[in-house]
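Every value quoted in this text rests on a predicted model; they were computed, and no experiment measured them. Heavy-atom basis, side chains included; hydrogens, waters and symmetry copies ignored.
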Amino acid sequence: MTPKAARDHVVTKSPKDVMKLIGDAEVEQLDLRFTDIPGLQHHVSYPIGELEESSFEDGFGMDGSSIRGWAAINESDMLLIPDATTAFIDPFAEVTTLVLYGDVIDPITRQHYVRDPRWIARKAELYLNNTGLADTAFFGAEAEFFVFDNVRFDQNQHSGFYFIDADEGRWNSGREGDNLGYRPRYKEGYFPVPPTDHYQALRTDMVRTMMKCGLHIECHHHEVATGGQCEIDQRFNTLLKSADNMMLYKYVVRNVANLAGKTVTFMPKPLFADNGSGMHVHQSLWKDGKPLFGGDGYAGLSEMALNYIGGLLKHARALSAIIAPTTNSYKRLVPGYEAPVNLAYSRRNRSAACRIPMYSASPKSKRVEFRPPDPAANPYLAFAALLMAGLDGVQNKYNPGEPLDKDIYDLSPEELKSVPSMPGSLEEALTALEEDHEFLLKGDVYTEDLIETYIEYKRKNEADAVRLRPHPYEFALYYDI
């Protein structure tokens with residue numbers, strides 16, 4: 001099964017544009033969406049007659065008390081204000097449905113809600129403009145994911161397990177019956193053609209659907225791991241728009257897979273001993289339509305770009321709590337494996353945390369790729385935090401040190417001692433964020449309230465929740481001790 005045929009995407013810039021689209025497309029329903037602090041998207045639906053031009057100022061009432069990390073029940077009344085620039089027709093809805101993303105507003109003060117991740121991303125862009133350093137931050141994120149055929153998991157007081165299966169998984173090579181072979185070997189799944197690549201047609205359906213929804217897709221391919229690891233690359237865009245696009249990307253990927261009887265996960269490390277899923281984030285600053293990262297320095301970079309890298313590396317340990325925000329993230333960020341845990345920069349070298357792509361010498365193509373993030377991150381919070389770290393480097397002229405152009409994983413122990421590394425656990429990352437977050441508070445982009453809420457939520461509901469429970473492998477290690 002594939003998504004139903006959809007109209008070509010119509011770009012909307014104003015409430016009038018949206019109302020015209022509603023008439024032209026004979027829309028029957030509005031789906032208004034927003035995102036919680038961990039990064040899960042939520043929605044509420046209305047008959048389309050409830051949406052008027054005045055709704056883009058008046059908004060729609062909602063209860064925020066049950067949204068993770070949001071307000072207590074005694075101050076939970078909120079408004080969702082639709083953003084007219086985010087409209088698209090939902091390709092998966094039974095009836096013609098218009099989707100709009102909403103901004104969360106306090107109904108009494110009419111101020112933006114400080115814990116709304118989308119507002120954090122907006123504030124980061126406003127802060128950039130106010131610095132005068134640049135007027136546009138471009139972000140391009142490459143989110144990887146796994147496609148599975150079956151997943152089972154449970155955890156209670158006396159048992160805990162997970163079980164994953166994928167027809168493409170190398171572990172099924174010895175299966176009796178219904179077995180045609182052609183499966184990527186462990187860590188050898190990069191770019192095979194079909195039939196070894198089982199998901200060419202599925203990804204093509206995903207890409208077609210994304211394009212119908214307005215995303216600009218550049219390419220798609222199988223990734224390194226067996227068991228259905230894939231990547232679809234979007235074109236870069238402004239910070240807020242890229243974060244919006246990532247939410248749409250995830251929505252389309254999950255639903256196209258679901259229609260095909262598959263399930264998708266953006267967990268960073270669902271499979272043991274094979275590659276995990278990253279979300280490499282390309283970043284650059286522009287002003288008055290001109291790129292600012294091209295220059296005559298290392299790898300064709302400007303001093304601003306090198307200082308931006310200096311900021312990313314200086315604050316990387318604190319950033320990790322936001323850009324690699326799960327306990328599972330640190331199953332991927334492990335020294336000696338595929339993930340860039342060592343905090344260095346290099347041209348071309350994919351083992352460095354900061355990589356400078358060298359595909360083109362054009363100043364317009366000069367950018368910084370930060371490789372530690374993973375697709376479990378909330379894109380609004382992650383992109384905003386990355387920008388703030390980079391800008392702190394530019395403002396304080398942080399020197400990123402000498403580049404490291406040899407394979408970091410081949411360094412001797414003595415050489416490696418001088419290279420700082422990412423945290424080894426979510427708890428360590430949260431502690432780093434506690435100790436280093438002043439750079440996030442500039443321009444009131446992040447607030448102390450948001451950071452405290454984020455750390456408390458992650459510690460209690462994720463880090464401690466995993467730490468306190470027996471692990472299945474502990475029985476293999478210790479049952480007979």
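Between Leu215 and Leu248 the shortest side-chain heavy-atom distance falls below 4.5 Å. Using a 4.5 Å heavy-atom threshold, the side chains of Phe266 and Arg254 count as touching. A heavy-atom distance below 4.5 Å is not found between the side chains of Tyr398 and Ile309. Inter-residue side-chain proximity for Arg122 and Asp83 is flagged as met; some heavy-atom pair is nearer than 4.5 Å. Inter-residue side-chain proximity for Leu387 and Leu128 is flagged as met; some heavy-atom pair is nearer than 4.5 Å. Looking at heavy atoms from C-beta onward, Arg68 lies in side-chain contact with Leu40 at the 4.5 angstrom threshold.
With hydrogens and angles disregarded, a donor-acceptor distance shorter than 3.5 Å links the side chain of Asn378 to the backbone of Asp36. At distances below 3.5 Å, at least one donor-acceptor pair connects side-chain atoms of Lys123 with backbone N or O atoms of Asp444. Judged purely by atom type and a 3.5 angstrom limit, Arg115 uses its side chain to pair as donor or acceptor with the backbone of Gly69. With hydrogens and angles disregarded, a donor-acceptor distance shorter than 3.5 Å links the side chain of Glu168 to the backbone of Gly228.
Here Asp464 does not pair with Arg459 in a salt bridge; the nearest charged N to carboxylate O distance is not below 4.0 Å. A salt bridge is absent between Arg185 and Asp274: the closest approach of a Lys/Arg side-chain nitrogen to an acidic carboxylate oxygen does not fall below 4.0 angstrom. Electrostatic pairing of Arg118 and Asp103 counts as a salt bridge here, judged by a charged N lying under 4.0 Å from a carboxylate O. Classification of Asp374 and Lys269 as a salt-bridged pair fails, no side-chain N sitting under 4.0 Å from a carboxylate O. Salt-bridge formation is detected for the pair Glu369/Arg371: a Lys NZ or Arg NE/NH1/NH2 atom is positioned less than 4.0 Å from an Asp or Glu carboxylate oxygen.
Between Phe293 and Trp286, the ring center distance fails the sub-6.0 Å criterion. The six-membered or imidazole ring of Tyr190 lies near that of His221, with a centre-to-centre distance under 6.0 Å.
Scanning for salt bridge (Lys or Arg N to Asp or Glu O under 4.0 Å) contacts around Glu428 gives Arg317, with sequence neighbours left out. Legend: residues meeting salt bridge (Lys or Arg N to Asp or Glu O under 4.0 Å) with Glu438, ordered by chain and number and at least two apart, are absent.
For the residue pair Pro82 and Gly59, the shortest heavy atom distance occurs at CD-CA, 4.3 Å. In terms of heavy-atom proximity, Pro325 sits nearest to Tyr454 at CB-OH, 3.3 Å. Between Leu312 and Gly390, the closest heavy-atom pair is CD2-N, 4.2 Å.
In the model, Lys250 has no side-chain atom that pairs as donor or acceptor with a side-chain atom of Gln41 under 3.5 Å. A side-chain donor-acceptor contact under 3.5 Å links Asp165 and Trp171.
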Give the table of side-chain donor-acceptor pairs shorter than 3.5 Å for residues 256-265, with sequence neighbours excluded, one pair per line with atom names and distance.
residue	atom	partner	partner atom	Å
Lys262	NZ	Asp149	OD1	2.5
Thr265	OG1	Met267	N	3.0

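Counting heavy atoms of neighbouring residues, nucleotides and ligands inside a 6.0 Å radius, atom CD1 of Ile108 does not exceed 12 of them.
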Open item on the list: Walk me through whether His9 and Phe88 qualify under side-chain contact (heavy atoms from CB on, under 4.5 Å).
Closed with: CA-CA 7 Å; His9 179 68; Phe88 66 92; 3.9 Å; yes
- [ ] Please step through salt bridge (Lys or Arg N to Asp or Glu O under 4.0 Å) for the pair Asp436 and Lys314, ending with a clear verdict.
- [x] CA-CA 10 Å; Asp436 175 25; Lys314 178 178 176 61; over 6 Å; no
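Cation-pi contact between Arg33 and Tyr251: present, with separation from the ring centre below 6.0 Å and deviation from the ring axis of at most 45°.
Between the CD1 atom of Ile455 and the CD atom of Glu427 there is a distance of 9.5 Å, given to the nearest 0.5 Å.
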